[in-house]
Amino acid sequence: MKPQGIAVLGATGSIGVNTLDVVARHPDRYRVVALSGHRQVDRLFEQACRFLPLYVVVADAASANALQGRLREQGLATEVLYGAAALERVAALSEVDVVMAAIVGAAGLPSAMAAARAGKKILLANKEALVVAGRLFMETVREHGATLLPVDSEHNAIFQSLPHDYAGNLDASGIRKIILTASGGPFRQHSAEALLQVTPEDACRHPNWVMGRKISVDSASLMNKGLEVIEAHWLFAAPPERIDVVVHPQSVIHSMVQYRDGSVLAQLGSPDMRTPIACALAWPERIEAGVASLDFFSMGSLTFEQPDLQRFPCLGLAFASLQSGGDAPAVLNAANEVAVAAFLEGRLRFVDIAKVVEATLAGVSLSASGTLAALLDKDGEARRFAANKVGSC
Ligand SMILES: NC(=O)C1=CN([C@@H]2O[C@H](COP(=O)(O)OP(=O)(O)OC[C@H]3O[C@@H](n4cnc5c(N)ncnc54)[C@H](OP(=O)(O)O)[C@@H]3O)[C@@H](O)[C@H]2O)C=CC1
Ligand SMILES: CC(=O)[C@@H](O)[C@H](O)COP(=O)(O)O
Ligand SMILES: [Mn+2]
């Protein structure tokens, strides 16, 4: 069997590194064609030396020139490209069969769309692409015969728990509800007063998962779960009222599908992203991912709670934006990206993230607009509004 060509966009991040860990276990199956990073050029250099891609992509010309020189010194033929257009180019290369979309934030949308337009097999970690442009992204996937496989652990669990021939109709498949599990994050048991004092380091200390800083803060605010509700809506054609969120602090059950006859199918596993990555890479086959089996006897109990929307309003805001439809989720996402960046830089309190998002949803005019250009314009407008709001918090 000829190895499949893979482009890992966001290779230097948490998902990217885990993807390369799985890929390295299967040199007979996968050949790395392209890797991208943004600021972590040293890490990208090491990855290029190990995986010998045809192309690497970095943020700017200066980094590209420096990296090209270092790679030449090593005798490597890898070509270094830079900028957003280069990400779109490598996502559509004829040598690429599979694109891992693992850039964080709305910045990952154009390259994920390019992969869809080129009819690639897309392993989607970048949930923000679906939050910003879910309808358009799903239409593009269908129109160009691309294959979309969810990598986000909850959506991968749902994908595994759905009928294999699921065609986007819950009723036709006898499904009552999609049940997303949430760990509750590092502040699950914090009082409202304690939340006033938390730091970026506290927020990035997730109880179960090791992840990038932006998604870690989203998990702490429950915005991650809100983004995942919107992601599930588009991936599985599930209306908001058919999506439930259940807090499950152990992160062993990664999500569930409840059927009409009372059955609930779930996917369980250790909290290790190599499992959903390997599942998506090899589907419908199963490959070794380097993840140990669950040890049921040492696991202790699995528990469940209601999410608390008073202390964690971001989840409610995300549901409300999904109900509003149109560009409201894009506005929610843009405001959240601005607020989270400000929090991580020490310019905003944790509790003010939700306030900035709420004010932006109320302050920016919302519309039913559908084109990518209109959504990106709205994203820019929402970012400017949110940045002003951060300044006045
Ligand atoms: N981490 C996890 O376990 C999970 C992550 N996800 C989702 O996967 C995506 C990636 O998350 P994660 O790996 O944690 O994030 P990281 O912050 O660890 O990595 C992000 C990657 O994107 C690159 N990047 C950042 N900004 C830009 C930009 N403007 N243009 C191009 N590339 C950029 C980074 O480059 P560099 O580091 O070189 O600057 C890095 O390679 C997110 O959408 C997240 O929600 C979903 C489920 C689980
Ligand atoms: C690993 C993964 O998929 C993350 O999105 C994870 O789910 C975060 O956990 P919580 O948002 O449930 O805390
Ligand atoms: Mn998730």
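Count residues from 1 along the sequence. When a ligand or atom number is given, it counts from 1 through the structure's own listing order.
- Distances from the Mn ion (ligand 3) to the N/O/S atoms of E228 are shortest for OE2.
- Closest to the Mn ion (ligand 3) among the N, O or S atoms of E154 is OE1.
- Residue-level proximity to ligand 1 for S14 is carried by backbone and side chain together, each with a heavy atom below 4.0 angstrom.
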Inset, instruction - Any chance you could lay out the side chain to side chain contact (heavy atoms under 4.5 Å, CB included) test for Q47 and T12, step after step, and finish with the verdict? - result: CA-CA 8 Å; Q47 292 177 336; T12 48; 3.8 Å; yes
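- Applying the 4.0 Å criterion to heavy atoms of S183 picks out, from ligand 2, the atoms 10 (P), 12 (O), 13 (O).
- Note on R242 versus D171: salt bridge recorded, some NZ/NE/NH1/NH2 to OD/OE distance being below 4.0 Å.
- At a heavy-atom distance under 4.0 Å, atoms from both the backbone and the side chain of M211 approach ligand 1.
- Nearest-residue assignment for atom 2 (C) of ligand 1 (options L124, L35, I15, N126; heavy-atom criterion): I15.
- D60 and S63 form a side-chain donor-acceptor contact under 3.5 Å, judged by distance and modelled atom types alone.
- The protein atom (non-hydrogen) at minimum distance from atom 2 (C) of ligand 2 is S153 OG, 3.3 Å.
- The backbone and the side chain of V104 each have at least one atom closer than 4.0 Å to an atom of ligand 1 (non-hydrogen atoms only).
- Nearest protein heavy-atom neighbour of atom 9 (O) of ligand 2: H206 NE2, 3.4 Å.
- Among D152, T12, L130, the residue whose heavy atom lies nearest to atom 47 (C) of ligand 1 is D152.
- Ring planes of H254 and W209: tilted class, angle from 30 to 60°.
- The side chain of E128, and not its backbone, has at least one atom closer than 4.0 Å to an atom of ligand 1 (non-hydrogen atoms only; side chain from C-beta on).
- Counting just the N/O/S atoms of D152, the one with the shortest distance to the Mn ion (ligand 3) is named OD1.
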